[in-house]
Amino acid sequence: MAIEKLTGHSLENHSFSISYILDVESDIGEAQSRGAPRWGRGAREADSTHPGAMGGRQGSHELPLRLLVPTQFVGAIIGKEGLTIKNITKQTQSKVDIHRKENMGASEKAITIHSTPDGCSHACKMILEVMEKEAADTKTADEVPLKILAHNSLVGRLIGKEGRNLKKMEQDTGTKITISPLQDLTLYNQERTIMIRGGVEECCNAEVEIMKKLREAYENDVAALNLQASLIPGLNLSALGISSGLPVLSPAGAPHRGSSHHAAYNPFLVRPLPQEVVYLFIPTQAVGALIGKKGQHIKELARYAGASIKIAPSDNPDAPERMVIITGLPEAQFKAQGRIFGKLKEDNFFNAKEEVKLEAHIKVPAAAAGRVIGKGGKTVNELQNLTSAEVIVPRDQTPDENDEVFVKIIGHFFASQTAQRKIREIIQQVKHQEQKSQHGAATASQHTK
C-alpha cells in the first residue's frame, strides 16, 4: 500500500523538547522585563532597539548560539559603561543577551547570541578573545575553554554513531571536545554543555562546525513541528513543551539558577484520561541502545516521558524486531515514542536518507473495529490519506479477554501519532454513543414503569 509523504522534507528524527524561555532581559542596562509570561513567545519579544538587534530578523527561526562563561569574566565582556559589549554587537550585527542576573552567585553565566551563523561566530570569537585577555591580565586562569549550550534533543545528531561526528570535528579543527553527561539533565534543564579546548582560532573553527550540525537538526525539527501543529486535534504542542515554529531556549542549570516556572494550561488535565498502551516494534539490534548501560537510557526516557517503558521478551532470538510496551497518558506517549524514533535515527539504525518508520499496535474494542474500517474501507482509507500512515485492521481476529482487537499502524513518527490520535477519537465516539444509548434505554425503562 502506497504511503504518501506529508512534505517534501525528509521528516527525520522528530524529537522535541521541554523548554522554558526566561523573561530576563539581560541588557547592559538595568531595564528588566518583569511579569511577562514564561511560556511561549510571550516571554520576551525581540527588541529592535537593543544594540545590534537585527530589525529584519525578528520573524526568523534561526537557532541562537548559547555560551556558558565564567562569572568572573562577565564584567570584562560588558566593559566599562557597556562599551565592550556595544562594540561586539555593533561589529557583528548581533543581539547579545548576558543572563547575568540568573542565580546570583553562580560560577558560570549563560550568554545568548542572536544573529546570522557568521554573526554568531564572529561574536563568539570576540567574546572568547576578551576572556583570554582578561585571564592573562589577571592571571586567574591558565586556560579558557569555549563552552556551548545545546538542547539534548539535538546533541545525539551532533555526536553521531559511535561519536564519529565529534571525532572528525576534533581531527579537522585540532581541538578536544567533550559533552556533559546525560545524568546532569533534569526536567527543567534539558541543555548539555559542549566544552571545546584549544587555541582561540581552533575553538572558533570547532564552534562553526558544531553549530552547523545543531542548526541542521533544529531546522528539521521545526519543519516537522510546524507541519504537525494542525494535524493532531486536541493536542496542545506548547503544553507538551513544544514550540511550534519558534526558537526554543532552556536556561542552563535552571533548577539551580533560582528561576521559578509557571505551569502552562494543559488540555490533558481538563478531564481524567485513561492510561494508553502502545506496542511499538523496533529493530532487534537497537534494543541494547534503547536500554543503555545498566538500563540507564530506558530509565531516563521513562522518567522524562512519565511513562512505563518495557521491552517484551522475545520468543524467537532470530526475530528481526522486538516489542516495546509503552503505557502512559497521551502526553507521555508522544514524548516516549518521539524519543525512541529519534534514538533510532541518531544511532544510525536507519540510513541517513531513510525515514524512520516503525510499526505500532494499539488495542480497540472489537465493537469499534468496524468503525475504524468504515463502510467499504472508507474510514481507514481516509485515515491513511490524512496521516500518511498505513493503517491495518487484521480480519478474523479473535477478541482477547477484554473483547479487544489490534490495529496496526506503520509510518514515521508524526504519521503514526496522528493515526493513533484519530483512532482514539473514533473509540471515544463509539463509547460515547454506547453510553448515550444505555442512558436512553434506562430513561425509557423508568418511564414505562
Side-chain angles (χ1 to χ4, degrees), residues 1 3 231-235 268 271-282 287 290 298 301-302 305-316 319-341 357-375 377-384 386-438:
M1 186 175 296
I3 304 177
L231 293 182
I232 308 181
L235 189 65
F268 296 110
R271 57 185 174 82
L273 291 177
Q275 294 275 315
E276 296 177 354
V277 182
V278 175
Y279 305 86
L280 191 66
F281 292 82
I282 67 171
V287 170
L290 180 60
I298 199 167
L301 175 57
S308 166
I309 305 172
K310 297 178 181 178
I311 310 288
S314 177
D315 296 330
N316 179 8
E321 294 180 319
R322 287 283 294 277
M323 183 169 69
V324 181
I325 305 171
I326 307 167
T327 306
L329 297 174
E331 177 180 0
Q333 290 289 349
F334 193 91
K335 290 179 180 179
Q337 293 179 53
R339 287 308 303 140
I340 291 172
F341 273 77
K357 292 183 179 179
L358 301 179
E359 182 173 327
H361 293 184
I362 63 175
K363 287 185 176 183
V364 304
R371 287 285 298 276
V372 174
I373 298 170
K375 190 174 182 180
K378 181 181 178 182
T379 304
V380 75
N381 288 334
E382 287 177 349
L383 268 173
Q384 292 180 138
L386 171 68
T387 66
S388 289
E390 186 177 357
V391 181
I392 303 168
V393 185
R395 298 183 180 277
D396 304 324
Q397 287 190 76
T398 302
D400 63 14
E401 66 276 8
N402 296 318
D403 201 29
E404 292 179 324
V405 294
F406 279 109
V407 173
K408 298 181 181 179
I409 301 164
I410 304 168
H412 58 69
F413 171 63
F414 281 111
S416 180
Q417 285 298 303
T418 309
Q420 288 178 42
R421 297 268 62 82
K422 284 291 183 183
I423 292 169
R424 302 284 187 195
E425 280 183 19
I426 292 172
I427 295 170
Q428 286 302 114
Q429 289 170 4
V430 171
K431 288 182 177 179
H432 182 65
Q433 288 172 354
E434 287 178 351
Q435 289 170 356
K436 281 182 69 176
S437 297
Q438 291 171 359

Visitor: Looking at residues at least two apart in the chain, or sitting in another chain, which of them share a side-chain contact (heavy atoms from CB on, under 4.5 Å) with T327?
Guide: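 T327 satisfies side-chain contact (heavy atoms from CB on, under 4.5 Å) with Q275, V277, S308, I325 once adjacent residues are dropped.
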Visitor: Keeping the roles fixed (side chain from N381, backbone from G377), state whether a donor-acceptor pair exists under 3.5 Å.
Guide: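 Checked: pair present.
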Visitor: Please list every donor-acceptor pair under 3.5 Å in which a side-chain atom of residues 359-373 meets a protein atom from a residue at least two apart or in another chain.
Guide:
residue, atom, partner, partner atom, Å
E359, OE2, H361, NE2, 2.5
K363, NZ, D400, OD2, 3.0
R371, NH1, Q433, OE1, 3.0

Visitor: Rounded at 0.5 Å granularity, tell me how far NZ in K310 sits from OH in Y279.
Guide: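 Taking NZ in K310 and OH in Y279, the distance rounds to 11.0 Å.
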Visitor: List for me each residue that meets side-chain hydrogen bond (donor to acceptor under 3.5 Å, both in side chains) alongside Q420, sequence neighbours excluded, and say none if there are none.
Guide: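 Result, side-chain hydrogen bond (donor to acceptor under 3.5 Å, both in side chains) vs Q420: Q337, S416.
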Visitor: What are the two closest non-hydrogen atoms of F406 and P394, and how far apart are they?
Guide: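 Shortest heavy-atom separation between F406 and P394 comes out as O-CD, 3.5 Å.
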Visitor: Could you list the residues that satisfy side-chain contact (heavy atoms from CB on, under 4.5 Å) with V380, not counting sequence neighbours?
Guide: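 Expected list: V391.
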Visitor: Only counting residues at least two apart or in another chain, list the ones meeting salt bridge (charged side-chain N to carboxylate O under 4.0 Å, His left out) with R424.
Guide: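 With neighbours one apart ignored, the set is E276.
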Visitor: Once rounded to the nearest 0.5 Å, what's the spacing between atom CD1 of I426 and atom OG1 of T379?
Guide: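 Between I426 CD1 and T379 OG1, I get 6.0 Å after rounding to 0.5 Å.
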Visitor: Closest heavy-atom contact between G411 and F341?
Guide: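 Closest heavy-atom pair between G411 and F341: O-CE2, 3.7 Å.
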Visitor: For the atom pair OG1 (T418) and NZ (K422), what is the distance rounded to the nearest 0.5 Å?
Guide: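 It is 8.5 Å, given to the nearest 0.5 Å.
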Visitor: Could you give the distance from CG (L290) to CD1 (I340), rounded to the nearest 0.5 Å?
Guide: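 It is 5.0 Å, given to the nearest 0.5 Å.
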Visitor: Do you know the tightest heavy-atom contact between A389 and A415?
Guide: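 In terms of heavy atoms, the two residues are closest at CB-O, 3.7 Å.
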Visitor: What's the separation between atom CZ in F334 and atom CD1 in I326, rounded to the nearest 0.5 Å?
Guide: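 Atom-to-atom, F334:CZ and I326:CD1 are 13.0 Å apart.
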Visitor: Would you please name every residue forming a side-chain contact (heavy atoms from CB on, under 4.5 Å) with D396, sequence neighbours left out?
Guide: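 side-chain contact (heavy atoms from CB on, under 4.5 Å) check on D396 returns nothing, list empty.
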Visitor: Atom CZ of R421 and atom CD of Q428: how far apart are they, to the nearest 0.5 Å?
Guide: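 Taking CZ in R421 and CD in Q428, the distance rounds to 9.5 Å.
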Visitor: So, E331 and K335, do they make that salt bridge, N to O below 4.0 Å?
Guide: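 Salt bridge: yes.
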Visitor: With sequence neighbours left out, write down each residue that passes side-chain contact (heavy atoms from CB on, under 4.5 Å) with A302, or none if nothing qualifies.
Guide: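 Listed in chain order: I309.
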